[in-house]
Amino acid sequence: MRARPLSVRARLTLWHAGVLTLIVCVFSTGILFFVRASLFEGLDRQLRRALMTIDWVYHQEPEELKDLESESGIALFQITVGGKLRYQTEGWERLGLARALRHVGSMPPGSWTAPDGRHYRVRAVAQPSYTIAAAIEESSRRDRLWTLVVILATGVPFALGLAVAGGYFLAGRVLSPVGAMADKAREITADSLNERLPVGNPKDEFGRLATVFNNMLSRLHDSFDRLRRFTADASHELRTPLTAVRSVGEVALQVPLDSGGYRDVIGSMLEEVDRLTRLVDSLLTLTRADSGATRPVREVVELAVLAGNVAEHLRVLAEEKQQSLSVQSAARVEAVCDPAILRLGLMNLLHNAIKYTPYGGAIHIRATATASGQPSIEVQDTGPGIPAAHQERIFERFYRVDSGRARESGGAGLGLAIARWAVAANGGRIELESEESKGSLFRIVLPSIA
Ligand code: ADP
């Protein structure tokens with residue numbers, strides 16, 4: 001069975017406890033070594049002084065050696081000459097050190113454990129004709145060291161316990177905004193995308209995270225809104241021709257008609273079916289554009305050729321309305337783009353120009369370069385123009401300046417949205433210059449060839 005992964009709070013506390021334990025152990029060990037070294041250093045200094053005193057007394061007044069204990073507190077020493085014991089104190093004799101150190105020469109300070117378990121610091125100094133060895137009991141220093149060990153051994157785990165408990169509490173407090181965010185996020189569904197995560201302090205890490213999530217929620221909210229509107233608009237647009245087909249059919253069924261009458265009915269039904277087909281085609285194009293399924297190819301396209309091609313395709317519509325349609329090209333203007341997608345965009349612009357320009361109007365298409373040298377195609381007409389108030393919004397889906405008028409001409413308000421996508425997919429933009437009743441000029445501006 002796999003162990004459940006630890007919570008961030010527990011992991012933080014464990015890490016905190018681990019690092020703290022390591023630091024405290026290293027620090028305590030350092031302290032112990034330092035205190036032990038300084039304690040023994042003091043003892044060694046005391047031992048050296050005692051040896052010097054013994055040496056001096058032995059030289060100057062050897063008979064006073066026995067008074068050293070009472071006068072200077074030097075109770076443990078011996079003097080040997082050529083391996084023979086010359087003098088030893090009572091205490092020294094009791095410890096039985098004489099036997100062990102009779103033949104010793106100079107000896108650095110070292111610890112020695114007596115048979116009774118006591119510890120002594122022992123040192124010997126050899127002179128040319130004799131050797132002095134002395135000892136001092138270590139117990140008091142060892143006791144102090146031991147007390148320190150006990151203090152550290154009991155105090156450190158206690159302090160560590162406190163620190164870990166404090167760490168656990170603090171980790172809980174620090175992480176509490178995450179819990180609050182998770183609780184809120186759990187409540188947010190597609191229907192409550194207007195709700196936001198709580199932002200404690202917008203400047204700290206969790207605050208910034210919550211702000212980023214909130215911004216994402218805002219974007220999702222907008223997208224959902226757009227999608228809802230799009231679905232509602234699309235359903236509405238689809239319902240209109242369907243209702244028309246239905247009512248034409250119902251009316252036709254109510255009275256018997258001759259074959260001419262039925263032909264008319266079928267004709268108007270087909271017109272509505274045509275409108276439906278165009279609408280579904282446009283919706284499909286936009287859905288594909290949204291899903292990013294369309295991958296534009298990149299090739300060098302001569303814009304005048306593309307413009308001429310589109311103009312020829314739609315010329316028949318212009319002729320039906322007795323409009324003049326001209327294609328001009330200042331010089332050879334080339335752009336790197338996907339010709340099929342750009343053609344779709346230009347087709348929509350020209351189709352609109354023909355659609356909205358009255359009988360006998362004029363439409364000009366120009367392949368040219370902008371002042372900054374970017375390749376562009378302009379579609380200019382002498383139509384009704386677009387009022388400034390609508391210019392911002394006409395590229396939105398299903399937006400029509402005059403829905404009644406546009407419906408008559410078959411528009412669902414998707415043409416410019418498709419044109420804008422087609423141009424943007426090629427890295428370009430559409431500019432509009434228009435004034436009411438003074439015609440419109442749509443300019444496709446493409447990126448320069450590097
Ligand atoms: P539609 O299918 O209704 O033509 P579009 O997205 O192509 O939809 O255009 C949006 C609106 O912009 C149209 O309803 C129309 O009012 C306005 N429009 C577009 N092109 C022109 C133009 N050349 N002249 C005047 N109005 C235009």
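Both ligands and their constituent atoms are indexed starting at 1 by order of listing. Values below: all heavy atoms of this structure, side chains included; hydrogens, waters and symmetry mates excluded.
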Decide whether an N or O pair under 3.5 Å exists between A412 and ligand 1.
-> yes

If you look only at pairs with a residue in residues 174-231, which of them pass as a ring-ring contact (aromatic ring centres under 6.0 Å, His included), with sequence neighbours excluded?
-> F230-F398

Under-4.0 Å salt bridge between E250 and R246 = yes

Between L414 and ligand 1, find which residue part has any heavy-atom pair under 4.0 Å and reply side chain, backbone, both or neither.
-> backbone

Is any NZ, NE, NH1 or NH2 atom of the basic residue among E138 and R36 found under 4.0 Å from an Asp or Glu carboxylate oxygen of the other?
-> no

From L441, L416, N348, I418 - option closest to atom 5 (P) of ligand 1 by heavy atom = L416

Below 4.0 angstrom from a heavy atom of V401, which ligand 1 atoms are there? Numbered from 1 as shown, please.
-> 14 (O), 16 (O), 17 (C)

Identify every side-chain donor-acceptor pair in residues 40-48 under 3.5 Å, counting partners at least two apart or on other chains, and give the distances.
unit_1	atom_1	unit_2	atom_2	d
D44	OD1	R121	NE	2.7
D44	OD2	R121	NH2	3.2
Q46	OE1	R141	NH2	3.0

Do D222 and R219 touch side chain to side chain, with heavy atoms closer than 4.5 Å?
-> no

So is I386 polar-close to ligand 1, meaning N/O to N/O under 3.5 Å?
-> no

List every atom of ligand 1 that sits less than 4.0 Å from any heavy atom of R400, numbering the atoms from 1 in the order shown and giving each element.
-> 3 (O), 14 (O)

Considering distance alone, does some N or O of G413 sit under 3.5 Å from an N or O of ligand 1?
-> yes

For ligand 1, find out whether one of its N or O atoms is nearer than 3.5 Å to an N or O atom of K355.
-> yes

Just go through F442, F395, Y399, Y356 and tell me whose heavy atom is the nearest to atom 1 (P) of ligand 1.
-> Y356

Would you say A417 has any N or O atom under 3.5 Å from an N or O of ligand 1, going by distance alone?
-> no

Could you grab the distance from atom CD1 of I354 to atom NZ of K321, nearest 0.5 Å is fine?
-> 8.5 Å

Do the side-chain N and O atoms of H390 and Y399 include a donor-acceptor pair separated by under 3.5 angstrom?
-> yes

